[in-house]
Amino acid sequence: MSFLSNIKISNVTNLSDARYAAAVGINYIGFCFDGDSPNYIAPIKAKEMIDWITGSHIVAEFGNQSLDEIKDISELLNVDAIELNNRILPDELPALEKAIIKKIDLSMYNLNQLNTELEAYKNSCDAFHLMNSQEHLNYIESDLMTVCANYKIIWGLPISNNSVLHIINTIKPFAINVSGGQEEKAGIKDFDELNDLLEVITQEE
């Protein structure tokens with residue numbers, strides 16, 4: 001599989017997003033179980049959607065939750081991977097018995113701190129999802145290229161139709177992250193922006 005095909009959609013909250021993502025071949029479909037997030041979805045509702053999905057890997061996305069809660073929800077839904085956004089220690093992660101994606105907010109780390117964090121978790125995590133909660137990113141492109149060369153990185157930083165091929169071909173992350181959203185009303189969803197982005201990516205393959 002070429003890494004151009006690796007796309008993850010986060011924060012899926014409705015069946016329209018879930019079925020669309022599976023239909024167009026998005027590799028990783030994420031559901032947010034962080035109760036503090038506006039994109040939170042109840043596990044029972046997520047299960048109803050997951051039952052419709054074939055061919056994609058299911059990712060359970062968590063916030064600052066306990067190991068036991070994460071494990072219980074992940075086992076209930078039989079997900080393929082767990083994305084974590086908390087301070088669970090590396091030696092605790094094998095207890096989850098799932099592939100692990102660690103989400104990292106770049107605004108919280110300088111380059112040295114980021115490398116220390118990645119090294120600490122590299123043997124316990126299968127990938128790292130990099131995002132930035134601040135308006136400005138305090139990293140230069142060459143730093144991000146080096147990080148992507150050394151670790152399996154899911155690119156959760158800003159992306160557009162104009163920048164996506166440069167990111168894929170020059171910075172070379174393992175995967176690109178896009179985000180789901182709310183339906184306009186039940187069963188109606190505008191996929192124009194995501195369709196346009198996917199068209200740019202697939203034309204390059």
Side-chain angles (χ1 to χ4, degrees), residues 1-34 37 39 41 43 46-62 70 73-75 77-85 93 96-104 118 121-122 124-131 144 147-161 163-181 189 191-205:
M1 177 189 299
S2 73
F3 81 131
L4 282 176
S5 298
N6 291 329
I7 301 172
K8 175 178 178 286
I9 185 168
S10 295
N11 301 323
V12 171
T13 60
N14 56 80
L15 185 58
S16 294
D17 272 357
R19 296 182 70 175
Y20 170 83
V24 299
I26 288 179
N27 308 75
Y28 306 95
I29 300 177
F31 297 87
C32 178
F33 303 112
D34 177 3
S37 170
N39 297 305
I41 185 170
K47 187 177 188 313
E48 293 173 356
M49 298 181 198
I50 290 168
D51 288 343
W52 283 90
I53 297 172
T54 59
S56 299
H57 301 291
I58 305 302
V59 182
E61 302 166 341
F62 294 95
I70 292 169
I73 293 174
S74 301
E75 289 180 348
L77 301 178
N78 192 29
V79 301
D80 299 296
I82 296 170
E83 183 172 284
L84 300 171
N85 193 20
L93 294 176
L96 294 172
E97 300 180 332
K98 300 286 184 181
I100 302 295
I101 301 167
K102 182 171 176 60
K103 194 170 186 179
I104 297 178
L118 293 169
Y121 281 87
K122 70 176 183 179
S124 304
C125 295
D126 296 84
F128 298 92
H129 179 171
L130 301 186
M131 48 80 67
L144 296 173
V147 169
C148 288
N150 292 331
Y151 304 94
K152 192 176 285 188
I153 299 298
I154 298 173
W155 184 273
L157 300 167
I159 198 165
S160 69
N161 293 353
S163 68
V164 64
L165 292 184
H166 175 77
I167 291 166
I168 288 171
N169 294 325
T170 302
I171 302 178
K172 299 183 179 180
F174 165 73
I176 297 293
N177 190 82
V178 297
S179 186
K189 184 71 188 290
F191 292 107
D192 287 348
E193 289 186 12
L194 184 52
N195 270 327
D196 290 346
L197 185 68
L198 292 177
E199 184 175 350
V200 173
I201 294 172
T202 55
Q203 282 179 347
E204 179 73 4
E205 291 185 291

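Ring-plane geometry between F33 and F62 is classed as tilted, the angle between the planes lying from 30 to 60 degrees on a 0 to 90 degree scale.
Considering every non-hydrogen atom in both I171 and C148, the closest pair reads O-CB, 3.3 Å. Between I26 and I7, the shortest heavy-atom distance links the atoms CG2-O, 3.2 Å. For N161 against V164, the heavy-atom pair with the smallest separation is O-CG1, 3.7 Å. Closest of all the heavy-atom pairs between A81 and I101 is CB-CD1, 4.5 Å. The two residues C125 and L93 have their closest heavy-atom pair at SG-CD1, 3.9 Å. Residues L84 and I82 come closest through the heavy atom pair CD2-CG2, 3.5 Å.
The structure places CG of D80 at 11.5 Å from CG of D126, a figure rounded to the nearest 0.5 Å. With values rounded to the nearest 0.5 angstrom, R19 atom CZ is found 12.0 Å from I29 atom CD1. Here the OG-CD1 distance, from S10 to I154, works out to 8.0 Å after rounding to the nearest 0.5 Å. Going from atom NZ of K152 over to atom CG of N6 covers 8.0 Å, rounded to the nearest 0.5 Å. Rounding to the nearest 0.5 Å gives a distance of 10.0 Å between CD1 of I9 and OG of S56. Considering CD1 of I100 and CZ of F128, their distance stands at 11.0 Å, rounded to 0.5 Å.
Between P173 and I167 there is a side-chain heavy-atom pair separated by less than 4.5 Å. Considering only heavy atoms from C-beta on, I153 stays 4.5 Å or farther from L144 through its side chain.
Between the side chain of K103 and the backbone N or O of M131, no donor-acceptor pair lies under 3.5 Å. Side chain of E61 to backbone of D34: no donor-acceptor contact under 3.5 angstrom is found.
Taking the salt bridge (charged side-chain N to carboxylate O under 4.0 Å, His left out) definition, one finds that E48 meets it with nothing, sequence neighbours left out. For Y121, the ring-ring contact (aromatic ring centres under 6.0 Å, His included) test picks out no residue, with sequence neighbours left out.
Of the candidates K98, K8, K102, E83 forms a salt bridge (charged side-chain N to carboxylate O under 4.0 Å, His left out) with just one, namely K8.
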message: Checking L118 against N150 for the side chain to side chain contact (heavy atoms under 4.5 Å, CB included) test, could you report, in this order, the C-alpha distance in whole Å, the side-chain angles of both residues, the deciding distance, and whether it holds?
response: CA-CA 10 Å; L118 293 169; N150 292 331; over 6 Å; no
